[in-house]
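Report on the structure given below.
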There are 2 protein chains.
Amino acid sequence: MRPVDPQQFRFRLDLASGVPVYRQLIDQMLIAISSDVLRSGDQLPTVREVAVELSINLNTVVRAYKELEIRGVLKTQQGRGTFITEGTTVKPDEVLRQRRLLQMVSELVARAGGEGFSVSEIRRTLQECFPEEEQKRN
Amino acid sequence: MRPVDPQQFRFRLDLASGVPVYRQLIDQMLIAISSDVLRSGDQLPTVREVAVELSINLNTVVRAYKELEIRGVLKTQQGRGTFITEGTTVKPDEVLRQRRLLQMVSELVARAGGEGFSVSEIRRTLQECFPEEEQKRN
DNA sequence: ACTAGTGTACTAGTTAACTAATACAATGTC
DNA sequence: GACATTGTATTAGTTAACTAGTACACTAGT
């Protein structure tokens, strides 16, 4: 249950990216876990610490933590803190996994682009033909 | 410049689909043009006619017409009406084209799904790694 | 028990996408 | 030139996603 060493793990934001903050946090945690920077039982920085350090709202951090709790990656305990679930493995390797996905998506974009399709057309097709139930929300 | 025969071409909506109305209109026009139901010079039903028939707002129809005007498919003239641009061909065959895109996207979804990726992950990757300038708006 | 530190809950503000209400302007016919 | 018919423009309402403000509740150490 040791707290995480801030030297080892630290959130960073790219505000210009357009990627929602809470999702940046999620991604960084998953990557850190898969690359063993964060390990089972580790305590994550408290929601307030993160909020202050990144100058964002507490609830944004909560949202990120909560979503990973739903996925079973984290376990939060009121009054104590948030911890990496024991025995969590975040797939074989989340980094490689994401890279693989990026690879496949890139191929599609390239192939489709070669045939005159725009990215927004791809996005539209995805939305229209593969609607996914709305994200669970808390 | 003959007006379109309502027996030949008629908008229909699927309100339950979740697909924005203006985009349904656009898609139906493209399909109709590519399948030669609508031909160069044809006058489309007026924005008011469509709005009344579908019980939607006039501006929603305007938006659809306007977007296709931007793409060069339609030509509108205030006080006269909206017409299919002379010499328009909407690509070799927009229907086949869309089908082709759907094919490619479906393959990706299937392949990625087989490796444990969800549609929303695909969507996320697309958004994050292939951001596209926001749609032009009028 | 108190208290500092933790997560929780509730409410609200912001933005973008989409749709609507309503008034304005151009065209063509009489 | 009046008028019916057409597209145009401006403003606003609705919803969902995202973020923030603020008060509440649990935990642990003293």
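Naming: A, B, ... by sequence-line order, numbering from 1 per chain.
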Practice prompt. Sort out for me which residue in Ile31(B), Thr88(B), Leu44(B) forms a side-chain contact (heavy atoms from CB on, under 4.5 Å) with Leu38(B).
Written response: Leu44(B)
Item to complete: Take atom NZ of Lys75(A) and atom P of dT27(D), then tell me their distance rounded to the nearest Å.
Response: 12 Å
Worksheet item: What is the distance from CG of Leu25(A) to P of dC18(D), rounded to the nearest Å?
Response: 13 Å
Discussion item. Quick check: do Leu68(B) and Leu30(B) have side-chain heavy atoms less than 4.5 Å from each other?
Written reply: yes
Worksheet item: Expressed in angstrom and rounded to an integer, what is the separation of Gln78(A) atom CD from dG7(C) atom P?
Response: 10 Å
Worksheet entry | Distance, rounded to the nearest Å, where Gln43(A) contributes CD and dG5(C) contributes P | 14 Å
Worksheet entry | Closest non-hydrogen atom pair between Val37(B) and Phe9(B), with its separation | CG1-CB, 4.0 Å
Worksheet item: Among dA20(C), dT6(C), dG21(D), which is the nearest nucleotide to the side chain of Thr46(A)?
Response: dT6(C)
Practice prompt. Whole angstrom is fine here: how far is it from CZ in Arg123(A) over to C1' in dA16(C)?
Written response: 14 Å
Discussion item. Do Leu15(B) and Ile26(B) land in one hydrophobic cluster if side-chain heavy atoms of ILVMFWY residues count as linked below 4.5 Å?
Written reply: yes
Worksheet item: Base, sugar-phosphate, or nothing: which does Tyr65(B) touch, judged by heavy atoms less than 4.0 Å apart?
Response: nothing
Practice prompt. Rounded to the nearest angstrom, tell me the gap between atom CG in Leu58(A) and atom P in dT19(D).
Written response: 14 Å
Worksheet item: What is the distance, rounded to the nearest whole Å, between atom CD of Glu67(A) and atom P of dT19(D)?
Response: 12 Å
Fill in: Partners meeting salt bridge (charged side-chain N to carboxylate O under 4.0 Å, His left out) with Asp14(B) (sequence neighbours left out)
none
Item to complete: Look at the side-chain N and O atoms of Lys66(B) and state whether any lies under 4.0 Å from the OP1 or OP2 oxygen of dA9(D).
Response: yes
Discussion item. Closest approach to the side chain of Pro20(B), judged atom by atom: which nucleotide of dT19(D), dC18(C), dA26(C) is it?
Written reply: dC18(C)
Item to complete: Check every atom of dT22(D), dT6(D), dT19(C) against the side chain of Arg48(B) and return the nucleotide holding the closest atom.
Response: dT6(D)
Item to complete: Measure the distance from CG on Leu15(A) to C1' on dT15(C) and round it to the nearest whole Å.
Response: 15 Å
Worksheet item: Are any of Asn59(A)'s side-chain N or O atoms less than 4.0 Å away from OP1 or OP2 of dA20(D)?
Response: no
Worksheet item: Below 4.0 angstrom from OP1 or OP2 of dG7(C), is there any side-chain N or O of Thr82(A)?
Response: yes
Distances for protein N or O near nucleotides 28-30 of chain D N or O, under 3.5 Å:
none

Worksheet item: Across the strands shown, which category fits Val62(B) at heavy-atom distances under 4.0 angstrom: base, sugar-phosphate, nothing?
Response: base
Worksheet item: Do the side-chain N or O atoms of Tyr22(B) get closer than 4.0 angstrom to the phosphate oxygens (OP1, OP2) of dC18(C)?
Response: yes
Fill in: Any Met104(B) side-chain heavy atom under 4.5 Å of Leu108(B) side chain
no
Worksheet item: With a 4.5 Å limit on heavy-atom distance, are the side chains of Leu54(A) and Leu25(A) in contact?
Response: yes
Worksheet item: Quick one: is dA20(C) close enough that its OP1 or OP2 comes under 4.0 Å of any side-chain N or O from Thr60(B)?
Response: yes
Worksheet entry | Selected nucleotide, minimal atom distance to Val21(B) side chain, candidates dA20(D), dT19(C), dA26(C) | dT19(C)
Item to complete: Flag the pair Gln8(A) / Asp42(A) as yes when at least one side-chain heavy-atom distance between them is below 4.5 Å, and no otherwise.
Response: no
Worksheet item: Does a nitrogen or oxygen in the side chain of Thr76(A) sit under 4.0 Å from OP1 or OP2 of dT8(C)?
Response: yes
